[in-house]
Amino acid sequence: MDYSTMIDAEMWQFIRDTARYYPASATQLSIAEQRKRYNAMCRAFAACRPDHVKTADRRTGAVGLRQYSVGGGSACIVYFHGGGFVMGGLESHDDVCAEICAATGYDLLAVDYRLAPEYRHPAMFYDALAATWYMLGMKRLPLLLCGDSAGGNLAAVVAHALRGRTSQIAGQLLIYPALGGDPAHGSYICHAAAPMLSRDDVMFFSQSRVKGQPPRDDPTFAPLLDKEFSRLPPTIVISAECDPLSDDGHAYCQRVAAAGGKSLWINERGLVHGYLRARHRAIRAKQSFVRITGALHDLGHGIWPEPW
């Protein structure tokens, strides 16, 4: 794959800047060192939180939460952060969550779910589900599920788990999600050595969640393992073209559509895994972020976005 022509100069600069903090070989380090470097990278790329966005830290049981609000929103969002189920938390995605809240006008609840390997699957699924029930009880409004990477996985598995149990879920928007596709085919192979996330990285993070081999029949681990894709909320998946996970989004949307649901898959040209952090540095990433927040706004109003 010729990334020298697929990826533009702004994104290459973002990739190089990221590697100064979190190198391509990071998964070979200890978990503690990975987290240290990931947190340093997040701080280096963090933008200022918009002044009019107010926050409050909360808990539901043992799960830490952060609520973002600009007041008076007509819908709400539950957001699950990325980080391979191993890294990240309320601080790593604070600026992303604040800007989504500001752009949509919706209250947003960020979820500090338990991380592997200290906590194995299904701990993070239970935390994601508990946080969603908390928001459903707190806000009697249309609710959107959203997340990036590992968080996109959690948003989807919660959507599957809540089918038929609530009518408030108005949609899900998944950003370069890890959904459990076949690692021996498609984008896992042709983008196996992609910048920012390799196939080996994906396998490492998947293995970190379990003792023994990852399950091949548990949809709470990976939503593409589900046998049933009907009755899911309207679904939008935003993938990065230069990412081993890109086909996960395509396969997921195909299954939702085949089961009679609404789905839209966008494969962002020339972008790489983790590009949300480049939204203030690269025009392609900025444009995608505008599409993401616009789609969330539309879903909250019951509007199906036109394909971009």
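A quick note: this is a predicted structure, and the numbers were derived from the prediction, not measured.
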Any heavy-atom pair between the side chains of [Y] and [X] that's under 4.5 Å?
| X | Y | value |
| --- | --- | --- |
| Leu65 | Asp57 | no |
| Leu271 | Ser288 | yes |
| Leu145 | Leu143 | yes |
| Tyr22 | Cys42 | no |

Give a yes or no answer on whether the side chain of [X] reaches the backbone of [Y] with a donor-acceptor pair at less than 3.5 Å.
| X | Y | result |
| --- | --- | --- |
| Ser198 | Asp201 | yes |
| Asp127 | Tyr113 | no |
| Gln168 | Pro142 | no |
| Gln13 | Arg281 | no |
| Arg120 | Ser208 | yes |

Selection residues 28-72 - residue pairs positive for ring-ring contact (aromatic ring centres under 6.0 Å, His included), sequence neighbours left out: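 Residue pairs with at least one partner in residues 28-72: Phe14-Phe45.
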For [X], give me all partners under ring pair (Phe, Tyr, Trp, His ring centres under 6.0 Å), at least two apart in sequence or on another chain.
| X | value |
| --- | --- |
| Phe125 | none |
| Tyr79 | none |
| Phe289 | none |
| Tyr3 | His191 |

CD of Gln207: more than 12 outside heavy atoms within 6.0 angstrom?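 Check passes, neighbour count above 12.
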Measuring from atom CG of Leu276 to atom CG of Asp148, what distance do you get when rounded to the nearest 0.5 angstrom?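 It is 5.5 Å, given to the nearest 0.5 Å.
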Nearest 0.5 Å, what's the CD1-CZ distance between Ile266 and Arg291?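 Between atom CD1 of Ile266 and atom CZ of Arg291 there are 7.5 Å.
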Report the C-alpha separation of Asp2 and Ser4 in whole Å, then their side-chain angles, then the decisive distance to 0.1 Å, and conclude whether the side chain to side chain donor-acceptor pair (under 3.5 Å) test is met. CA-CA 5 Å; Asp2 187 4; Ser4 66; 2.4 Å; yes
Run the ring pair (Phe, Tyr, Trp, His ring centres under 6.0 Å) check on His160 and Phe229 step by step: do they pass? CA-CA 8 Å; His160 285 237; Phe229 286 80; 5.4 Å; yes
Give the cluster check for [X] versus [Y]: same hydrophobic cluster or not, with ILVMFWY residues linked at side-chain heavy-atom distances below 4.5 Å.
| X | Y | value |
| --- | --- | --- |
| Ile238 | Leu144 | yes |
| Val96 | Ile283 | no |
| Ile169 | Ile175 | no |

Which pairs with one or both residues in residues 235-262 pass salt bridge (Lys or Arg N to Asp or Glu O under 4.0 Å), sequence neighbours excluded?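 Of all non-adjacent pairs touching residues 235-262, none passes salt bridge (Lys or Arg N to Asp or Glu O under 4.0 Å).
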Could you list all the salt bridge (Lys or Arg N to Asp or Glu O under 4.0 Å) pairs where at least one residue sits in residues 22-36, not counting sequence neighbours?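 Listed by first then second residue: Glu33-Arg37, Arg35-Glu118.
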Expected list for residues 97-109: side-chain donor-acceptor pairs under 3.5 angstrom, two or more places apart:
{"unit_1": "Glu99", "atom_1": "OE1", "unit_2": "Arg279", "atom_2": "NE", "d": "2.9"}
{"unit_1": "Glu99", "atom_1": "OE1", "unit_2": "His280", "atom_2": "NE2", "d": "3.2"}
{"unit_1": "Glu99", "atom_1": "OE2", "unit_2": "Arg279", "atom_2": "NH2", "d": "3.0"}
{"unit_1": "Glu99", "atom_1": "OE2", "unit_2": "His280", "atom_2": "NE2", "d": "2.9"}
{"unit_1": "Thr104", "atom_1": "OG1", "unit_2": "Ile100", "atom_2": "O", "d": "2.8"}
{"unit_1": "Thr104", "atom_1": "OG1", "unit_2": "Tyr106", "atom_2": "N", "d": "3.1"}
{"unit_1": "Tyr106", "atom_1": "OH", "unit_2": "His297", "atom_2": "O", "d": "2.6"}
{"unit_1": "Tyr106", "atom_1": "OH", "unit_2": "His301", "atom_2": "NE2", "d": "3.4"}
{"unit_1": "Asp107", "atom_1": "OD1", "unit_2": "Ser69", "atom_2": "OG", "d": "2.8"}
{"unit_1": "Asp107", "atom_1": "OD2", "unit_2": "Gln67", "atom_2": "NE2", "d": "3.2"}
{"unit_1": "Asp107", "atom_1": "OD2", "unit_2": "Lys139", "atom_2": "NZ", "d": "2.8"}

By side chain to side chain donor-acceptor pair (under 3.5 Å) - contacts of [X] (at least two apart):
| X | result |
| --- | --- |
| Asn39 | none |
| Glu91 | Arg66 |
| Ser263 | none |

Do [X] and [Y] have side-chain atoms, one donor and one acceptor, less than 3.5 Å apart?
| X | Y | result |
| --- | --- | --- |
| Arg49 | Thr55 | yes |
| Thr220 | Asp218 | yes |
| Ser239 | His250 | no |

Output yes when Arg163 and Asp226 qualify as a salt bridge under the 4.0 Å nitrogen-oxygen rule, no when they do not.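 Between Asp226 and Arg163 there is a salt bridge, with a charged N closer than 4.0 Å to a carboxylate O.
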side-chain hydrogen bond (donor to acceptor under 3.5 Å, both in side chains): which pairs involve residues 172-185, sequence neighbours left out?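 The answer is Gln172-Thr235, Gln172-Tyr252, Asp182-His185.
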